[in-house]
Number of protein chains: 2
Amino acid sequence: MRISELARHSGVPVATIKFYLREGLLPKGEATSATRAEYTGAHLRRLRLVRALVEVGDLPLSRVRAVLRVVDDPATDLHRALGTLHYAVADDPPAPEDDPGWDAARRRTDDLLAGLGWRVTDHAPDRRRLTRAVAAMAELGRPVDDGALRAYAAAAHTAAEHDVARIGPGDTREEVLEYAVLVSALMEQAMTALHRLAREDVSATRFAAPGERGERERGG
Amino acid sequence: MRISELARHSGVPVATIKFYLREGLLPKGEATSATRAEYTGAHLRRLRLVRALVEVGDLPLSRVRAVLRVVDDPATDLHRALGTLHYAVADDPPAPEDDPGWDAARRRTDDLLAGLGWRVTDHAPDRRRLTRAVAAMAELGRPVDDGALRAYAAAAHTAAEHDVARIGPGDTREEVLEYAVLVSALMEQAMTALHRLAREDVSATRFAAPGERGERERGG
DNA sequence: TAATTTTGGAGAGTAGTACTATCCAATCGA
DNA sequence: TCGATTGGATAGTACTACTCTCCAAAATTA
């Protein structure tokens, strides 16, 4: 496959493919001469993955690059690679120093995770992400109570079990890692969308002017 | 309060506050002379809200502006304002034309939502967001099955019920709307973080090398 | 064989976002 | 009185993600 065909099959402009090649987001094709290189189905697949992560998953290219580095490094074993992947997909927001509100929020999230017995490392970026959200809610006068937090955690865990259950025992290392990336970036978007749609439903049911649209039989 | 005090209390540089004033993200203070304006606690609160939406909620300023327009418009009733808010927080991704995969995904998400009986409008941006994720998973060879989708929906609905339950009957229109914004932007981040942490836990439990770290008693 | 097109490679240019810096005259506070 | 502060305006910056242009070599077509 030549670069123009790669472009045609993927819908990505040649200029962008060249840019991705320069940026190391797509491996070079095999050069057959000074002005020709051959691209394979693997290139097309990788290109589609990059586009999905960028367009659907909304990852910046730097994060995509980090993710692909992990997927392509055969040196680390599967378990370790999966761990590293979680760090590559999420960015680590800086923690403010000297903020008592932040320290309190951090303690609460740590306690929550410890209480649930989740196997997550101390320096997982998403710990901070969660802390940041909890701290911001409190700072703006709408603190999140433990019940809501635990309900969120239970809901998230249910979804996560479905995510991991779809990995077959016969899947290769690369298949597992690629799937993990896809779930982290794309299913996350699905969850966000469903959460907001569900909120629309619940608040519509509660705040709808009487008589507006028919009653609903059953919820979620 | 003068602009420098507003800056000190919020931690936001004066230059940035001026920029927000220009951009209409923060209402002007009451001018007491040609070179002095008075800012109130409401300004500080609004400034903190803007920063939280930008920093924690990761909303672009254009979206923040749209959100605040809805919150500040007293003309629309609460129910309608809540509906509009969901559209202001989420951006509407463009739908590709002539993509059979997309049409199939769209039918699936429509069926899912209809089957659940959720009260969401046909043109909710998050419908498309969900469709996009489902279509992308299928296109990359990892289609999402209905069971997983329904599990996601159930989990999202549980979280949403907690979100809406925290609105008190005595809350003013502005309080309700501001809370809705906060939940849409910040609790969404909390859910995402928990979802990823849960996935880390589940995959650690499944893929950990034997003997690595102690066994866990109970999951989420 | 000649003319046209395509390619890889490199560099510069562009559009959008979110600030940040500078300047100014008026005016406030010590 | 005089340095600091303010509102208002304009310009500049850093970053991201492309997009465009150019080139000579090679491939394709006439």
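Residue numbering restarts at 1 for every chain, and letters A, B, ... go by the order of the sequence lines. Only heavy atoms go into these numbers, but all of them, side chains included; no hydrogens, no water, no symmetry mates.
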Item to complete: Would you please say whether a donor-acceptor pair under 3.5 Å links the side chains of H157(B) and E161(B)?
Response: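 Side chains of H157(B) and E161(B): pair found under 3.5 Å.
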Practice prompt. For R132(B) and Q189(A), test the side chains for any donor-to-acceptor distance below 3.5 angstrom and give the result as yes or no.
Written response: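 There is no such pair (donor and acceptor under 3.5 Å, judged by atom type) between the side chains of R132(B) and Q189(A).
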Item to complete: Assign A37(B) to base, sugar-phosphate, or nothing according to its heavy-atom contacts below 4.0 angstrom with the strands shown.
Response: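 Sugar-phosphate, backbone atoms only, no base.
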Whole-Å distance between [N] [atom2] and [X] [atom1]?
X	N	atom1	atom2	result
E38(B)	dT5(D)	CD	C1'	14 Å
I3(A)	dA26(D)	CD1	C1'	15 Å
D58(B)	dT16(D)	CG	P	14 Å
L53(B)	dT17(C)	CG	P	17 Å

Practice prompt. Only counting residues at least two apart or in another chain, list the ones meeting side-chain contact (heavy atoms from CB on, under 4.5 Å) with D92(B).
Written response: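 Partners of D92(B) by the side-chain contact (heavy atoms from CB on, under 4.5 Å) criterion, ordered by chain and then number, come out as P125(B), R128(B).
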Practice prompt. Check whether any side-chain N or O of Y39(B) sits under 4.0 Å from OP1 or OP2 of dT6(D), and answer yes or no.
Written response: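 Answer is no, no contact under 4.0 Å.
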Discussion item. For V67(B), run the side-chain contact (heavy atoms from CB on, under 4.5 Å) check against V181(B), L25(B), T84(B) and tell me which one passes.
Written reply: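 One option only clears the test, and that one is V181(B).
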Item to complete: Give, ordered by number, those residues of residues 19-27 of chain B having at least one heavy-atom distance below 4.0 Å to an atom of DNA chain C; if nothing qualifies, reply none.
Response: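 Correct list: F19(B), Y20(B), R22(B).
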Practice prompt. Please tell me which of the listed nucleotides, dT20(C), dG7(D), dC18(D), lies nearest to the side chain of R51(A)?
Written response: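 Out of dT20(C), dG7(D), dC18(D), the nucleotide with an atom closest to R51(A)'s side chain is dC18(D).
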Worksheet item: Considering only dC19(C), dA18(C), dA21(C), which nucleotide approaches the side chain of P60(B) most closely?
Response: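 When the side chain of P60(B) is considered, dA18(C) is the closest of dC19(C), dA18(C), dA21(C).
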Item to complete: Evaluate the side chain to side chain donor-acceptor pair (under 3.5 Å) criterion for residues S184(B) and R199(A): first the C-alpha distance (whole Å), next the side-chain angles of each, then the deciding distance (0.1 Å), finally the verdict.
Response: CA-CA 9 Å; S184(B) 266; R199(A) 228 181 285 117; 3.1 Å; yes
Worksheet item: Taking protein heavy atoms under 4.0 Å as touching, what does nucleotides 23-30 of chain C look like 5' to 3' if B marks base contact, S marks sugar-phosphate-only contact and - marks none?
Response: ---BSS--
Practice prompt. Just do the side-chain contact (heavy atoms from CB on, under 4.5 Å) check on R2(A) and R8(A) with the steps written out, would you?
Written response: CA-CA 10 Å; R2(A) 277 160 295 173; R8(A) 200 150 1 94; over 6 Å; no
Worksheet item: Counting distance only, does the side-chain N/O of R127(B) pair as donor-acceptor with the main-chain N or O of V120(B) below 3.5 Å?
Response: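 Yes, R127(B) side chain to V120(B) backbone: donor-acceptor pair under 3.5 Å.
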Discussion item. For a ring pair (Phe, Tyr, Trp, His ring centres under 6.0 Å) check, start with the C-alpha distance between H195(A) and Y152(B), then their side-chain angles and the critical distance, and finish with the verdict.
Written reply: CA-CA 9 Å; H195(A) 190 186; Y152(B) 265 58; over 10 Å; no
